[in-house]
Amino acid sequence: MYEKCKRISKNLILAIAVIFTYDIISNLFLIGAVFLFSEDAVQNHYFQIDTFSCALLTVLLSIWLFRIRHRERDTAVELRPFSDYYLMCVIPVIVLGMGGISILWLNLADSALQNVSVISDSMDSFNQTWSTVEEESYFWVLMSVVVLGPIVEELMFRGVVFHYLEKIKAGWFPIVVSGIAFGVWHQELVQVVYAAIIGILLGYIYAKTRDIRVTITIHILNNFLSTLPPAIDTPAVQAMVYKLSIFMIVPTLMILVQWGWGSRGSDSSENVA
């Protein structure tokens, strides 16, 4: 019993430590920028600063994950139950479907739940935060939100954190807990809800595919659709993405349920390092 508690505590602390590492490094970049320049400059160049922070974190988390797999011979992540061609076909469907789930929740929060003060306040704060995207060069928004941000988040939550949680208990535990942690980490209440749902889905996808490149690709494409380049971010394109996203929810769920019928996946104890 003592060894079991020790193992659980050790892996839980390590999972929390990697999240705090991200927060510490990103905050140090912001504090350093304020010290070197000014608070107004940081607000006007937030995504540029975050790009450099994410670049460093990508390197550090890649090394962290590599050392885990090299030291513990984590061969489970090398299992590939699906072909590359099949994944190329289903990833666009999953990306749109996951976006549709987020849209449904945001629509619900913006309409039916507007009378709930904590939800309406969070929705206003969420909209105000994203309005700043248009105030900075799209190049830095692209690098921060669409490219490096998703890579860092996947390395952290579906890579390192998932690994330590799976060492505690196999099956749905690392999927659900890492997903909820991913949602809570976003802090803004309306974002916490849909991010937790998306995080659980990404954890499930990672558990089934055992390829973090798949979740990184899905995450990048998902963020791209929500942060389109100004040249194509028109009402017509937005309407098309909106309709396709809603339409693809059911096919996405059907694909993921079908994966659950396979012999490989998160419920197999042989996948535990």
Side-chain angles (χ1 to χ4, degrees), residues 5 7-27 50 53-54 56-58 60-65 67-69 72 74 76-77 94 98-99 101-102 105-106 109 118-119 122 125-126 129 144-145 148-220 222-223 226 256 265-267 271-273:
C5 291
R7 174 175 57 84
I8 292 174
S9 299
K10 174 186 174 182
N11 286 287
L12 191 58
I13 290 171
L14 288 170
I16 295 172
V18 68
I19 299 175
F20 273 101
T21 299
Y22 174 98
D23 291 335
I24 290 171
I25 290 177
S26 59
N27 286 330
D50 190 59
S53 173
C54 286
L56 175 60
L57 284 162
T58 296
L60 294 178
L61 289 170
S62 296
I63 294 172
W64 195 328
L65 189 58
R67 287 177 62 85
I68 286 174
R69 294 178 178 179
E72 303 188 14
D74 194 354
V77 295
I94 294 173
M98 289 172 58
I101 293 172
S102 300
W105 161 247
L106 291 175
V118 66
I119 296 293
S122 179
S125 176
F126 175 75
T129 298
S144 170
V145 178
L148 292 176
I151 292 174
V152 169
E153 291 173 16
E154 291 308 308
L155 288 172
M156 180 163 60
F157 286 100
R158 258 62 64 182
V160 181
V161 171
F162 190 100
H163 169 84
Y164 288 131
L165 293 176
E166 195 171 39
K167 296 282 285 184
I168 296 174
K169 182 177 175 61
W172 281 95
F173 179 75
I175 295 173
V176 174
V177 175
S178 65
I180 292 174
F182 178 67
V184 173
W185 179 74
H186 281 79
Q187 299 182 353
E188 194 65 69
L189 181 58
V190 294
Q191 197 174 10
V192 165
V193 175
Y194 78 76
I197 296 172
I198 297 304
I200 291 172
L201 292 177
L202 286 169
Y204 178 81
I205 292 167
Y206 175 69
K208 293 298 180 180
T209 63
R210 290 297 171 176
D211 190 340
I212 201 167
R213 294 173 298 179
V214 174
T215 60
I216 287 175
T217 301
I218 292 172
H219 201 150
I220 286 176
N222 180 76
N223 283 18
S226 62
L256 299 182
S266 60
D267 296 327
N271 286 337
V272 183

Q) With Ser125, which residues qualify under side chain to side chain donor-acceptor pair (under 3.5 Å), at least two apart? A) Glu188

Please report the interatomic distance [atom1]([X]) to [atom2]([Y]), rounded to the nearest 0.5 Å.
X	Y	atom1	atom2	answer
Leu57	Met156	CG	CE	8.0 Å
Phe126	Gln187	CZ	CD	13.5 Å
Ile197	Ile180	CD1	CD1	10.5 Å
Thr217	Ile151	OG1	CD1	9.0 Å
Leu165	Leu12	CG	CG	7.0 Å
Leu60	Leu155	CG	CG	10.5 Å

(Q) Checking side chain to side chain contact (heavy atoms under 4.5 Å, CB included) between Arg158 and each of Ile216, Val214, Leu202, which is the one that passes? (A)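 Among Ile216, Val214, Leu202, the one that satisfies the side chain to side chain contact (heavy atoms under 4.5 Å, CB included) with Arg158 is Leu202.
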
Just wondering, do [Y] and [X] contact through their side chains at under 4.5 Å, heavy atoms?
X	Y	value
Val177	Ile168	no
Phe157	Ile19	yes
Leu201	Ile101	yes
Phe162	Ile212	no
Thr21	Trp64	yes
Ser102	Ile198	yes
Ser62	Thr58	yes
Val190	Ile119	yes

Testing the basics here: between [X] and [Y], what is the closest heavy-atom pair and its distance to 0.1 Å?
X	Y	result
Ser178	Val161	CB-CG1, 4.3 Å
Ser26	Ser53	CA-OG, 3.4 Å
Pro150	Ser144	CD-O, 4.2 Å

Q) Where the side chain of Ser122 meets the backbone of Leu189, is there a donor-acceptor pair that is under 3.5 Å apart? A)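 Yes, Ser122 side chain to Leu189 backbone: donor-acceptor pair under 3.5 Å.
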
Q) Are the side chain of Asn27 and the backbone of Asp23 linked by a donor-acceptor contact shorter than 3.5 Å? A) yes

Q) Do the ring planes of Tyr204 and Trp172 sit parallel (below 30°), tilted (30 to 60°) or perpendicular (above 60°)? A)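 Rings of Tyr204 and Trp172: parallel, as their planes differ by under 30°.
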
Q) For the residue pair His186 and Phe182, does the interplanar ring angle fall in the parallel (under 30°), tilted (30 to 60°) or perpendicular (over 60°) class? A) perpendicular

Q. Are more than 12 heavy atoms from other residues, nucleotides or ligands located less than 6.0 Å from atom CZ of Arg7?
A. yes

